[in-house]
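Written out below as structure tokens is the structure these notes cover.
Convention: sequence-line order gives letters A, B, ...; per-chain numbering from 1.
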Amino acid sequence: MKQTLNELLDARVRAALSAAGCPDAPAVIQPAGRPEFGDYQANGVMGAAKARRMNPRALATEVVEKLDLAGIASQVEIAGPGFINITLDAAFLAGRANEALADARLGVPRPAAQRVVVDFSSPNLAKEMHVGHLRSTIIGDALARVLRYLGHEVIAQNHVGDWGTQFGMLTAYLIEVEQGGEAAIALNDLEDFYRRAKQRFDEDAEFATRAREYVVKLQGGDAQVGALWQRFLDISLHHCEEVYARLGVGLTRADVRGESAYNDDLPAVVTDLQAKGLAVESEGAQVVFLDEFRNKEGEAQAYIVQKQDGGYLYSTTDLAAVRYRAGTLHADRALYVVDARQSLHFQQMFTLARKAGYAPATLQLEHVGFGVMLGEDGKPFKTRSGGTVKLADLLEEAESRAFALVSAKNPDMAEAERREIARAVGIGAVKYADLSKNRNSDYVFSWDSMLAFEGNTAPYLQYAYTRIRSVFRRAEGWDETAPVVLSDPAERLLALELARFADTLDDVARETMPHFLCAYLYELAGKFMRFYEACPVLKSEGEVRASRLRLCQLTADTLRTGLGLLGIQVLETM
RNA sequence: GGCCCUAUAGUUGAAUGGAUACAACAGCCCCCUCCUAAGGGGCAGGUACAGGUUCGAUUCCUGUUGGGGCUACCA
């Protein structure tokens, strides 16, 4: 039975605590805060002693006596009020590295598999994707990749906005520009197309009436309007797919299940809620009063599922979607990677989905929220002209800045190769800038920080990888089965970091926090850079040389895999 | 008004209740006859305020102040 490092230490320390008379005490294992405290610390003794009115130092002594870390730790010490400091045995760390090298999964254990729905990206198809869509798209993609890597069955759901009044306006405008023979040009810039359609809608009452009629026709299943709507969606989705392709995001048409897909279910949802006594009429609308949420008068807060005019809302659509995800997709866990402003909506929706029986207790429902984007002035982000930055423009700028840098560093390199490197570096920098931040925080959009290529950035990690590749291009004749042997401190620190990969992935999947993986990879790359400076690889000899090459190999494999899970490419040279 | 999020070096960010708060950028100083200097080493600099819980608080609780969001028919 494979275990992560944390699981292994946790099990051993808990066994010792149990033997010392504290059967249910948590071990509280964590990486040591300072190098002189060893590699790991177990902090559970203080709490356990407190709960049992024991002397913590005495309990720590007893736990350490019972603690079996033979072949794992070289030193176990008690410090301070009852910390247990564990220094791992170099031979054990070398063994972990050797096991990882022998395993295609780098020694990462598979947890019990779940079926996980990940709802992410979900752009509004009426407009072009802008920087505000970046977070959901890449956080969701990274989570989907990590969950898949761990062995879960992931069902991506791109819950696109493809329904509602604005599509009547857009299809009506599409007909107009087609009659003028300018449809292809007009649709080239979706943002502009929307703006013009809106202008027509606001200025021309006749057009506005026609647009409203189209909405009714569309929702009534009219074939002609439906065909126009489909064409518009096709073009809009194509725009999205160009962005996904550039970002290296794995979403396809098969993952698209937009709001329109639930259209036929909406009346049934409302009827069902009424039948269950949950939805009632109030001020002409169909409303569910949820006791769990109070309004300003202290009464149960209203959650509208059908408007006065009979129209439906995103609440209704999301209820239909959760019913589908539970009932048809049989999900064990559903993640909603959606902006934090919708937090209340999701709390209400989840609560109602449970009450209505759409989501069984066994289905974990999680709103994976993220902070809103701010400008450099700390206020909600807008460009100087008051608009938004198109995602495509950001990516273009990223590639062009990276291209200038690559060209400056490699003037003799063929342009095609420089372009390829610039693409991976530029896109990687944009993604990493976003993924490396705690998603709960609001996020300041800045061209310079988004497009930085030094320090804690994707290019730093990519650069570490190319350095390793460069070593291997020069290493002639080496033993690809040689064991890792650790002697130099820099080797040991690198091996220790490598051994933490599996725990990191567990943390990312459990907490839905991609920035844990970024922080890990940055640490790993840093440990490698120091090893690289301190320990000559190719100029060393014998088993030391072979061992160092093997460490390089595992580092490269881990960096490539980890960056791959973030959707960031590695390069042979840069 | 109520509810949610948030406040960490000059700046942008990290820190499952653990020991002397971790980085990057910007600043200053070193290191390419040495496996790619997009790198490495060093200096300097920080938890909004006031209480509380705890053996121990950036973390939990209360209050104050500042920022953002949501709060019945947009999503």
Side-chain angles (χ1 to χ4, degrees), chain A residues 28-30 32-34 36-37 41 43 46-47 49-50 56 79-83 85 122 124 161 164-166 259 282-287 293-298 301-309 311-315 317-318 338-345 347 369 371-372 374 376 378-380 402 405-406 409-410 425 429 433 436-438 440-444 446 448-449 452-460 462-464 466-475 507 510-511 515-516 518-519 522-523 525-526 529-530 532-540 548 552 573-574:
Chain A
V28 195
I29 301 293
Q30 61 185 225
R34 306 178 61 80
E36 58 266 36
F37 300 152
Q41 54 187 54
N43 299 338
M46 277 93 72
K50 182 75 181 169
F83 297 104
N85 292 337
S122 308
N124 180 351
T165 52
Q166 51 200 342
E259 293 170 354
S282 170
E283 298 177 30
Q286 289 300 317
V287 170
F293 304 89
R294 298 288 164 160
N295 66 13
K296 52 192 120 189
E297 280 79 36
Q301 192 166 325
Y303 187 63
I304 300 180
V305 294
Q306 187 174 18
K307 299 193 281 184
Q308 282 179 331
D309 66 5
Y312 299 98
L313 296 130
Y314 72 140
S315 58
T317 308
D318 274 346
V338 182
D339 152 14
R341 282 177 297 195
Q342 296 192 32
S343 164
L344 177 61
H345 159 68
Q347 285 180 55
V372 296
L374 306 174
E376 295 192 59
K379 293 181 175 154
L405 182 60
V406 176
K409 288 185 188 295
N410 307 285
V425 167
S436 61
K437 292 173 178 63
N438 183 325
N440 287 318
S441 311
D442 286 343
Y443 142 171
V444 176
S446 143
D448 286 338
S449 71
F453 301 137
E454 288 175 4
N456 185 3
T457 63
Y460 179 84
Q462 291 167 319
Y463 182 65
T466 62
R467 281 186 143 184
I468 301 173
R469 297 306 306 156
S470 177
V471 169
F472 281 106
R473 276 195 300 278
R474 291 160 184 268
D507 291 345
R510 189 183 56 255
E511 308 285 342
H515 79 286
F516 291 167
C518 294
Y522 181 60
E523 274 299 310
M529 294 291 199
R530 270 157 245 148
Y532 181 92
E533 298 278 339
C535 304
V537 176
L538 297 176
K539 287 183 177 162
S540 57
R548 287 180 177 172
C552 284
T573 56
M574 63 186 273

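- A stacking contact between A/Y303 and B/A72 is absent: the pair does not combine a ring-centre distance of less than 5.5 Å to the base's six-membered ring with planes differing by less than 30°.
- Residue contacts for A/D309: at a heavy-atom cut-off of 4.0 Å it reaches no nucleic acid atom on any strand shown.
- Residue A/T573 is in base contact, counting any heavy-atom pair closer than 4.0 Å across all strands shown.
- At the heavy-atom level, A/Y522 lies under 4.0 Å from the strands shown only through sugar-phosphate atoms.
- Checked by atom type and distance alone, the side chain of A/E259 never pairs as donor or acceptor with a backbone atom of A/Y314 at under 3.5 Å.
- Nearer to the 5' terminus of RNA chain B, by closest-nucleotide assignment, is the contact made by A/V425 (compared with the other of A/V425 and A/Q306).
- If you check B/A7 for Watson-Crick or wobble pairing at under 3.5 angstrom, you find it paired to B/U65.
- Using a 4.0 Å heavy-atom distance criterion, A/C518 is classed as making no nucleic acid contact.
- Among the protein residues, A/A79 comes within range of the nucleic acid bases, having at least one heavy atom under 4.0 Å from a base atom.
- Atom CD of A/E454 is separated from atom C1' of B/A24 by 10 Å (rounded to the nearest Å).
- At a threshold of 4.0 angstrom between heavy atoms, the contacts of A/Q301 are confined to the sugar-phosphate backbone, with no base atom among them.
- Nucleotide B/C70 forms a Watson-Crick or G-U wobble pair with B/G2, both donor-acceptor distances falling under 3.5 Å.
- Positionally, the nearest nucleotide of RNA chain B for A/L538 lies more toward the 5' end than for the other of A/L538 and A/A340.
- Not a single donor-acceptor contact under 3.5 angstrom links the side-chain atoms of A/E259 to the base of B/A75.
- Judged by distance alone, the side chain of A/R469 and the main-chain N or O of A/T573 form no donor-acceptor pair under 3.5 Å.
- The residue A/L313 sits close only to the backbone: its heavy atoms come under 4.0 Å of sugar-phosphate atoms, none of a base.
- Distance alone, capped at 3.5 Å, is enough to place a donor-acceptor pair between the A/D442 side chain and the A/V372 backbone.
- Remark: B/A57 base-pairs with no nucleotide; criterion is Watson-Crick or G-U wobble with both hydrogen-bond distances under 3.5 Å.
- B/C32 shows a glycosidic angle within 90° of 0 and is accordingly assigned syn.
- Counting non-hydrogen atoms under 4.0 angstrom, A/F83 reaches a base of the nucleic acid.
- In this structure, A/S282 reaches the bases: a heavy-atom distance under 4.0 Å links it to at least one base atom across the strands shown.
- Note on A/Q462: nothing from the nucleic acid sits closer than 4.0 angstrom, heavy atoms only.
- Residue ring and base: A/F37 counts as stacked with B/A19 (centre distance below 5.5 Å, interplanar angle below 30°).
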Between the protein and nucleotides 31-33 of chain B, which nitrogen or oxygen pairs are less than 3.5 angstrom apart?
none

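- Among the nucleotides B/A14, B/A38, B/C34, the one closest to the side chain of A/K539 is B/C34.
- Across all strands, A/S470 comes closer than 4.0 Å to base atoms (heavy-atom distances).
- Taking the six-membered ring where tryptophan is involved, the planes of A/Y522 and A/Y460 are tilted, since the angle between them lies from 30° to 60°.
- The nearest whole Å value for the distance from the CG atom in A/N43 to the C1' atom in B/U54 is 15 Å.
- Between A/C518 and A/K437, every side-chain heavy-atom pair lies at or beyond the 4.5 Å cut-off.
- At whole-Å resolution of the value, CZ in A/R469 and P in B/G39 are 21 Å apart.
- In terms of modelled atom types and a separation under 3.5 Å, the side chain of A/S315 and the main chain of A/I304 share a donor-acceptor contact.
- The CE atom of A/M529 sits 15 Å away from the P atom of B/C35 (whole-angstrom rounding).
- Between the side chain of A/T457 and the base of B/A38, no donor-acceptor pair of N or O atoms lies under 3.5 Å.
- A/N85 contributes a side-chain N or O that forms a donor-acceptor pair with the base of B/A19 under 3.5 Å.
- Note on A/R530: only backbone sugar-phosphate atoms sit closer than 4.0 angstrom, heavy atoms only; bases stay farther off.
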